[in-house]
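Source: prediction; values computed, not measured. Every chain is numbered from 1 and lettered A, B, ... according to where its sequence line falls, protein lines coming before strand lines.
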2 protein chains.
Amino acid sequence: MKTLRLTSSDRAILLNLRFFSRLPRPAQEAILEGATVSTHEAHDTLFRQDDPIDNVLVVLSGLVRLYRLGKDGREADVAVFQKGELIGVNAMFLDRRATANVQAAEPSIVARLESAKLRQLAAEDTGVAQALLELLCHHGKMAEDCLAEDRLLTAPQRVANYILSHCPIGTESFSFRLPFQKSVLAGKLGLAPEALSRAFSTLRRSGVVVKGRVIEIRDRQALEQF
Amino acid sequence: MKTLRLTSSDRAILLNLRFFSRLPRPAQEAILEGATVSTHEAHDTLFRQDDPIDNVLVVLSGLVRLYRLGKDGREADVAVFQKGELIGVNAMFLDRRATANVQAAEPSIVARLESAKLRQLAAEDTGVAQALLELLCHHGKMAEDCLAEDRLLTAPQRVANYILSHCPIGTESFSFRLPFQKSVLAGKLGLAPEALSRAFSTLRRSGVVVKGRVIEIRDRQALEQF
DNA sequence: CGCTTGTTTGAAGTACATCAACTAGGGTGG
DNA sequence: CCACCCTAGTTGATGTACTTCAAACAAGCG
């Protein structure tokens with residue numbers, strides 16, 4: 001891991017995020033001022049569960065995975081963050097400890113904001129607080145969706161759902177590229193990699209063609225009712 | 001369902017909540033001013049998924065269950081709220097629609113706060129925003145815990161966890177009363193009622209005695225390593 | 001006492017995990 | 001350019017945890 005200062009392109013990425021773009025200008029400056037950047041290899045661990053943490057991370061490139069460990073050493077993903085997503089906002093307002101292990105799932109670059117500064121800004125400026133509130137509500141909804149999916153859907157249904165969520169409405173056929181390894185998708189969906197593989201082959205009968213990371217949907221209807 | 005004004009004891013309950021007690025006095029008044037109360041029979045539906053919703057609910061007594069429906073009509077609980085908990089905070093800052101079905105799981109009384117008012121206060125007063133931020137982070141952590149439990153633990157382990165979470169630290173043996181029907185606990189843990197029942201009987205071998213709603217722990221050690 | 005509702009138990013089925021073997025790409029070094 | 005290796009992914013066989021359906025049982029409450 002190497003730690004650096006923000007480049008101007010890093011700044012540009014940050015300022016374009018939904019979260020940042022809603023902040024008042026002075027708050028933007030204040031946050032960026034103390035920010036640093038770090039680069040990580042795949043499988044690097046950024047934090048371990050319960051580590052004290054006084055940064056909020058922003059993924060600038062790559063992929064960061066949050067997972068918890070079972071007593072038997074098994075890993076369960078609780079979230080996967082892509083470019084532009086914020087990590088560790090919850091911890092900032094709770095006990096300031098990581099609620100999960102944080103790991104780079106591929107070579108990644110993350111910005112590190114100072115939680116203390118962000119907390120202070122939120123306490124002084126309702127605009128900042130507002131942006132955080134919206135972000136947290138969005139996270140909350142995602143989590144609820146995820147729990148409901150886990151409890152209601154079978155593996156092929158979860159995969160179908162994922163595919164459909166990347167498929168613009170109103171299109172009958174479509175194709176896109178997975179933004180990460182299949183094993184990461186498996187973790188995100190709460191499946192073993194083998195189960196994901198089998199789910200894909202089940203969906204082939206409903207017009208889903210998978211070649212490498214490219215997924216092609218031939219019959220949207222069939223997928224939706226799966 | 002009957003709608004009423006707040007009684008003074010309702011006001012007292014609300015003002016004692018962690019959330020309310022952190023609010024500045026004028027904000028408390030402003031919120032209580034527009035609040036109403038409604039009573040519900042068991043199984044009453046308060047909202048259906050996607051209903052527009054412009055209240056935040058507070059459970060004053062009883063139990064309120066949030067669940068989503070699968071395509072086949074199966075129900076999956078996403079949260080269960082007891083006395084003193086707030087419902088619908090996420091929706092307030094998103095699209096203002098219910099993210100799940102909301103149902104009284106037993107005869108219940110809920111206060112209804114005006115989301116518009118609360119939103120306005122949060123936009124004007126960082127104290128209010130702060131209280132909401134902490135609340136949402138807490139919700140977020142709960143959701144993450146829940147997802148991780150679902151993915152890492154077997155049914156008996158989840159039940160053991162639940163029991164331990166109600167067992168004061170440092171006590172070797174202990175007993176407490178379930179705050180709701182077993183079928184509700186089953187839903188909360190993502191299990192069929194039968195699975196919960198079987199989990200209890202598995203745990204009997206580890207010193208858990210269940211009589212009606214009363215649960216007795218004879219050997220905390222055994223439970224912890226389950 | 002009998003009815004309703006909640007819980008337990010049993011038997012059968014299903015979905016997913018796990019383990020192991022095999023296959024396909026994607027570099028690397030010769 | 002090919003042989004090799006390493007990793008990611010697939011496929012098969014087996015085990016297991018939970019669901020589902022059905023029936024027995026218990027507990028309130030009229």
How bent is the helix from C/dC1-D/dG30 to C/dG30-D/dC1, measuring the angle between the end axes built from five pairs each, rounded to 10°? 30°
Inter-residue atom distance B/Tyr67.OH - B/Thr45.OG1, 0.5 Å rounding: 4.5 Å
With sequence neighbours left out, what residues match B/Ser173 under side-chain contact (heavy atoms from CB on, under 4.5 Å)? none
Residues of residues 181-205 of chain A with any non-hydrogen atom less than 4.0 angstrom from an atom of DNA chain C: list those, numerically ordered, please. A/Gly190, A/Leu191, A/Ala192, A/Glu194, A/Ala195, A/Arg198
Is there a side-chain contact between B/Val64 and B/Val110 (heavy atoms, below 4.5 Å)? yes
Could you check whether A/Lys211 pairs with A/Glu216 (Lys NZ or Arg NE/NH1/NH2 to Asp/Glu carboxylate O, under 4.0 Å)? no
Distance, rounded to the nearest Å, where B/Arg213 contributes CZ and D/dG28 contributes C1': 12 Å
Expressed in angstrom and rounded to an integer, what is the separation of B/Asp150 atom CG from D/dC18 atom C1'? 12 Å
Using a strict threshold of under 4.0 Å (side-chain N to carboxylate O), is an ion pair present between A/Asp77 and B/Arg151? no
Using whole Å, report how far CD of B/Glu149 lies from C1' of D/dC18. 17 Å
Are side-chain heavy atoms of B/Ile163 and B/Phe176 found at a separation under 4.5 Å? yes
Atom-to-atom span, CZ of A/Phe180 to P of D/dA8 - whole angstrom: 15 Å
Considering only heavy atoms from C-beta outward, does the side chain of B/Leu86 approach that of B/Phe81 to under 4.5 Å? no
Partners of B/Tyr162 by side chain to side chain donor-acceptor pair (under 3.5 Å), sequence neighbours excluded? B/His166
Provide, to the nearest angstrom, the distance between the CG atom belonging to B/Leu153 and the P atom belonging to D/dT16. 19 Å
Summary of side chain to side chain donor-acceptor pair (under 3.5 Å) pairs that have at least one residue in residues 186-202 of chain A, sequence neighbours excluded: none
Nearest-Å distance, CZ (B/Arg151) to P (C/dT18)? 14 Å
Among residues 62-80 of chain B, which contact DNA chain D at a heavy-atom distance under 4.0 Å? B/Arg74
With respect to B/Arg65, which candidate in B/Gln103, B/His43, B/Glu106 satisfies the side chain to side chain donor-acceptor pair (under 3.5 Å) definition? B/Gln103
Just how far is it from atom CZ of A/Phe174 to atom SG of A/Cys167, taken to the nearest 0.5 Å? 5.5 Å
